[in-house]
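Report on the structure given below.
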Number of protein chains: 2
Amino acid sequence: MISSIAELIADRIGTMPAGERRAAQTLIASYPMIGLKTVAEFSTAAGVSSPTILRFVARLGFQNYPEFQSSLQDELAAQLQSPAIRTLNPPSPGGGTASPMLEATLDNMRETFRHLSDKQLADIAARLAERRGKTFLIGGRFTDPLARYMAAHLAVIQPDVFHLAGQESMWRDRLIDMSKRDVLVIFDIRRYQDSLVRFAEKAHQRGVQIVLFTDQWLSPIARFARHVIAGRTAVPSAWDSSAALFVVAETLIGAVTRQLEADGARRIREMEGLR
Amino acid sequence: MISSIAELIADRIGTMPAGERRAAQTLIASYPMIGLKTVAEFSTAAGVSSPTILRFVARLGFQNYPEFQSSLQDELAAQLQSPAIRTLNPPSPGGGTASPMLEATLDNMRETFRHLSDKQLADIAARLAERRGKTFLIGGRFTDPLARYMAAHLAVIQPDVFHLAGQESMWRDRLIDMSKRDVLVIFDIRRYQDSLVRFAEKAHQRGVQIVLFTDQWLSPIARFARHVIAGRTAVPSAWDSSAALFVVAETLIGAVTRQLEADGARRIREMEGLR
DNA sequence: CAAAATACGTAACATACGATACAGCGCTCC
DNA sequence: GGAGCGCTGTATCGTATGTTACGTATTTTG
């Protein structure tokens, strides 16, 4: 079974003429970067002519050079998405069903935060901590609990936080209440729900600022969103994992809380008193 | 110090107009693969026009698109040559607001699973996968979303899954429906809610098996619970973190799903058909 | 509310890229 | 030693790609 292009080359390099073999060796030497460059660069690096490179990729079974490059890119993408599998891990001692799941989840979180700058989080937190306007939260079939979770916390530390629950018709009516001073936090991962997309679009038209929690493939709502948080969701399970998004949500909750405390919000102190 | 393009984007994304921000978010979401493709592909993926992509890379300081791609490739090449750096941890000890929170959360998860044997999880999963009897889920003020999340998934793969929502009086009435064949999943972390404790006690008296998700200090409900999952909740924040419990919940959902698939549950297959 | 500035997309353009035809060279095998 | 075959590079071509100019829409500012 041949799964990577590198293996394919190793398999056929024996049957190649001299020029193409040089191409093959050059590619293997700094795999796969040279293959992502232009034919001209590849050819000079290998010390052969452009047509030789093209004959080389043709011999590997590709119709043309772009197709070859796409394959390399797909391979790279697959590698990058599962860093754990390559590098760490003798499948940890437990060997049970839980471990791979946990490892994948931890990786998801690291990856999610790697692509998420402190500044971005701070911006969102600052916006959520702004007192003007209302905050609405809503989620999809499986992610609505995340919206609820966030709403439950935010509602404690500031007024005018609303979780949009129930039927679509219910929250559509709430659109009337929304203006450009308001923020709408949406959770939407695959399979993206049409009803949510429609709702987001209408809210966007009303000037509402949208904060979107989605997966790495980006819900169509990203088009209308002011802020997009793309979390990793892939785990060895029949379901996608929302754990990374959950952690981001918690982080945001913490940041907003801190912000409001820093602002000396009277509400926080009053609350302390009530306990 | 800005070393990667991803950081560069994070740094400037705040000052970008809407279209370019979409481009930025799209790139970050599947970093850096989209950037290696053509402008046309990039633009359609981001839902903007080609010129917007070019303006985007121009704003990042690149003279033209190929130069931008070269930078991405160089970055990739550097990464591939030292894969260890990726796994050995977040390049940002940057003392930002996110990092300590994330680190604490990851630690919580490791600790939680360290004290949680595979067997224990398997037992609970097996119990939840049993067809006889019903499954009820409920949570506290901040943890009820976790109950909802779990219920949303379990309800898909098996019948008779109920999330207990609304007022206390509401679910107290549901006690009548519960018998010793049933399972009650409760989420309860500090400050433990009296109403939940009372409810758990009554359910326990009716012979209902209780699965408790709580924190390391154990809710009083632990006295009545058949299974106790103690998650770590401490994070540098004003709030406790339910993230570890969330991950355990997801793990359980996955385990139950697998179990039912293994049992050849007709329901699963029928569901596939309905899609 | 008006006017200016900014941002975005459509469409035309130029270039650089991959593809191909062809000729020269070397190698092998009679 | 000569003829045939195969491999490689040069030169040319067509096209897909990045680029730019301009008009429209949208937002911001006075």
Side-chain angles (χ1 to χ4, degrees), chain A residues 12-27 32-73 127 132-133 179-182 201-210 222-227, chain B residues 9 12-27 32-73:
Chain A
R12 302 197 188 174
I13 196 172
T15 70
M16 291 182 186
E20 299 179 31
R21 205 173 321 155
R22 290 187 66 178
Q25 285 161 347
T26 309
L27 176 57
M33 297 317 294
I34 297 243
L36 299 179
K37 302 193 182 291
T38 67
V39 173
E41 285 177 281
F42 192 166
S43 66
T44 55
V48 296
S49 67
S50 306
T52 299
I53 298 297
L54 295 174
R55 282 189 283 264
F56 163 67
V57 303
R59 191 183 296 266
L60 292 178
F62 297 99
Q63 293 297 321
N64 48 34
Y65 194 72
E67 184 182 306
F68 162 73
Q69 288 187 316
S70 291
S71 276
L72 281 180
Q73 286 187 12
R127 183 63 190 85
R132 57 160 203 180
S179 77
K180 58 173 53 174
R181 309 171 80 78
D182 303 328
E201 184 171 11
K202 297 219 181 73
H204 173 68
Q205 285 167 359
R206 295 187 63 89
V208 179
Q209 284 193 17
I210 294 179
R223 290 182 53 84
F224 317 117
R226 179 64 188 269
H227 298 282
Chain B
I9 292 171
R12 303 200 188 170
I13 196 171
T15 70
M16 292 181 187
E20 299 179 30
R21 206 159 42 216
R22 271 181 228 152
Q25 286 158 349
T26 311
L27 176 58
M33 296 318 294
I34 297 241
L36 299 179
K37 302 195 183 290
T38 68
V39 173
E41 285 178 282
F42 192 166
S43 66
T44 55
V48 299
S49 66
S50 306
T52 299
I53 298 296
L54 296 173
R55 282 189 283 262
F56 163 66
V57 303
R59 191 182 298 265
L60 291 179
F62 297 99
Q63 292 299 323
N64 49 31
Y65 194 71
E67 185 183 307
F68 162 72
Q69 288 187 315
S70 292
S71 277
L72 280 181
Q73 287 186 9

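By convention in this document, chain letters (A, B, ...) are assigned in the order of the sequence lines, proteins followed by strands, and residues within each chain are numbered from 1.
The separation between Phe42(B) atom CZ and dT19(D) atom P is 13 Å, rounded to whole Å. Rounded to whole Å, the distance from CG on Asn64(B) to C1' on dT20(D) is 13 Å. Atoms CZ (Arg21(B)) and C1' (dC8(C)) sit 14 Å apart, rounded to a whole Å. Following rounding to the nearest Å, Glu67(A) (CD) and dA16(D) (P) show an atom-to-atom distance of 15 Å. In this structure, Gln63(B) places its CD atom 15 Å from C1' of dT20(D), rounding to the nearest Å. When rounded to the nearest whole Å, the span between CZ of Arg22(B) and P of dA7(C) equals 14 Å. Between the OH atom of Tyr65(B) and the C1' atom of dC17(C) there is a distance of 15 Å, rounded to whole Å. One atom, CE of Met16(B), and another, P of dA7(C), lie 12 Å apart when rounded to the nearest Å.
Position along DNA chain D of the nearest nucleotide to Lys180(A) versus Arg55(A) favours Arg55(A) as the more 5'-ward residue.
Not one side-chain nitrogen or oxygen of Ser50(A) sits closer than 4.0 Å to the OP1 or OP2 atom of dC17(C).
The two residues Gly133(A) and Asp182(A) make their nearest non-hydrogen contact at CA-OD1, 3.2 Å. Closest approach of Thr52(B) and Glu20(B) over heavy atoms only: CG2-N, 3.8 Å.
With dC8(C), dG18(D), dT20(C) as the candidates, the nucleotide lying closest to the side chain of Pro51(A) is dT20(C). Nearest to the side chain of Leu54(A), among dT19(D), dC8(C), dG18(C), sits dG18(C). When the nucleotides dG18(D), dA11(D), dC17(C) are ranked by their closest atom to the side chain of Thr38(A), dC17(C) comes out on top.
In terms of modelled atom types and a separation under 3.5 Å, the side chain of Arg22(B) and the main chain of Val48(B) share no donor-acceptor contact.
With rounding to the nearest 0.5 Å, the separation of CZ in Arg59(B) from CD1 in Ile13(B) is 11.5 Å.
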